[in-house]
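Read through the structure below, which is laid out as structure tokens, and then see the notes.
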There are 2 protein chains.
Amino acid sequence: MTYEDRLFAALADPTRRAIFERVAGRRQSVAELARTMPVSQPAISQHLKVLKAARLVRDAPSGARRIYSIDPEGLGPLRAWLDRFWSEQLAAFKAAVETADDS
Amino acid sequence: MTYEDRLFAALADPTRRAIFERVAGRRQSVAELARTMPVSQPAISQHLKVLKAARLVRDAPSGARRIYSIDPEGLGPLRAWLDRFWSEQLAAFKAAVETADDS
DNA sequence: TATCTTCATAAGTCATGGCTTATTATAAGC
DNA sequence: GCTTATAATAAGCCATGACTTATGAAGATA
């Protein structure tokens, strides 16, 4: 499984994406997430494990707690992938225009 | 299932993403994709159906064939989602700096 | 030390989804 | 018309993954 696979797969699940969005908004502990979300604490931990493997979040111990925060680098590859297609798409569009424009 | 869900879910599968990338590179028929990919024609059709539902590709009939091409609007929501987190992340970073900088 | 909290992991259940082969419909070519 | 090519759908199989409850480990608190 490539790195890119892990990234896209991590973002595919709605619950996991919601967790990511919360953590992105404000760093917080597992218990805090579990308290305000409609799934159990183990489910939260499992999702965080996936997000961490995709480098979307980081974690730091704080006593018995573990504070999760967004990983600033995590979304970089996604943006790179996206940009690749935007320029590709632009090139294709340009070529199409030039072909149609049979001057 | 929301629109965003469909978008992320569509991009999650590696085979489907490969199909999308090929179609983005050059518009082509189902048979053409099936010939050059390690899955069957029905599998290709099923993937294209998902990509189409996510507005990532379009299709146009051409005789007995059906030519699939990238949908220019498709990646827009993904970029919007991404940008939302980049600015959010930037704001969080800014706030952190200002807090640390207890002038 | 004993208890309580926090979190990760284990184990098991169930739905989803990606794949296959088989079939059907439509269009092209003989 | 008949055959061939193209592509969508149907049905079924099987792996994956998202969830649950149960448990254990590590830190805080009395």
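On a predicted model such as this, the values are computed, not experimentally measured, just so you know. Order of the sequence lines fixes the chain letters, A, B, ..., with proteins taken first and strands second; residue numbering starts at 1 for each chain.
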Tell me: [atom1] of [X] to [atom2] of [N], nearest whole Å?
{"X": "B:Asp5", "N": "D:dA18", "atom1": "CG", "atom2": "C1'", "result": "14 Å"}
{"X": "B:Arg35", "N": "D:dA5", "atom1": "CZ", "atom2": "P", "result": "11 Å"}
{"X": "A:Leu51", "N": "D:dG17", "atom1": "CG", "atom2": "P", "result": "14 Å"}
{"X": "B:Asp59", "N": "D:dT6", "atom1": "CG", "atom2": "P", "result": "17 Å"}
{"X": "B:Asp13", "N": "D:dT16", "atom1": "CG", "atom2": "P", "result": "13 Å"}
{"X": "B:Leu33", "N": "D:dT6", "atom1": "CG", "atom2": "P", "result": "13 Å"}
{"X": "A:Arg66", "N": "D:dA28", "atom1": "CZ", "atom2": "P", "result": "12 Å"}
{"X": "A:Lys49", "N": "C:dA8", "atom1": "NZ", "atom2": "C1'", "result": "8 Å"}

Side-chain N or O of [X] versus OP1/OP2 of [N]: is the shortest distance under 4.0 Å?
{"X": "A:Arg65", "N": "C:dT5", "answer": "no"}
{"X": "B:Tyr68", "N": "D:dT6", "answer": "no"}
{"X": "A:Thr15", "N": "D:dC19", "answer": "yes"}
{"X": "B:Ser45", "N": "D:dA7", "answer": "no"}

With the side chain of [X] defined as its heavy atoms from C-beta on, choose the nearest nucleotide among [options].
{"X": "A:Ala31", "options": "C:dT6, C:dT21, C:dA10", "value": "C:dT6"}
{"X": "B:Ser40", "options": "C:dT20, C:dC7, D:dC19", "value": "C:dT20"}
{"X": "A:Arg16", "options": "D:dT9, D:dA18, D:dT21", "value": "D:dA18"}

Step through the shown structure and confirm whether more than 12 heavy atoms of other residues, nucleotides or ligands are within 6.0 Å of [atom1] on [X].
{"X": "A:Arg66", "atom1": "CZ", "answer": "yes"}
{"X": "B:Arg65", "atom1": "CZ", "answer": "no"}
{"X": "A:Arg55", "atom1": "CZ", "answer": "no"}

| Of A:Ala9 and A:Ala64, the one whose closest DNA chain D nucleotide lies more 5' | A:Ala9
| remark: On DNA chain D, more 5' by nearest nucleotide between A:Ser62 and A:Gln46 is A:Gln46
| A:Phe8 and B:Phe8: CA distance, side-chain angles, deciding distance, ring-ring contact (aromatic ring centres under 6.0 Å, His included) verdict | CA-CA 7 Å; A:Phe8 280 103; B:Phe8 280 103; 8.2 Å; no
| said: Just to be sure I understand the rule, does B:Pro61 reach a base, reach only the sugar-phosphate, or reach nothing, if contact means heavy atoms closer than 4.0 Å? | reply: nothing
| query | What nucleic acid atoms does A:Ala43 come within less than 4.0 Å of, heavy atoms only: base, sugar-phosphate, or nothing? | reply | base
| request: Please examine the side chains of B:Asp71 and B:Leu56, heavy atoms only from C-beta on, and report whether any two atoms are closer than 4.5 Å. | output: no
| said: I'd like to know if B:Gln41 reaches the base of D:dA8 with its side chain, counting only an N/O donor and acceptor under 3.5 Å. | reply: yes
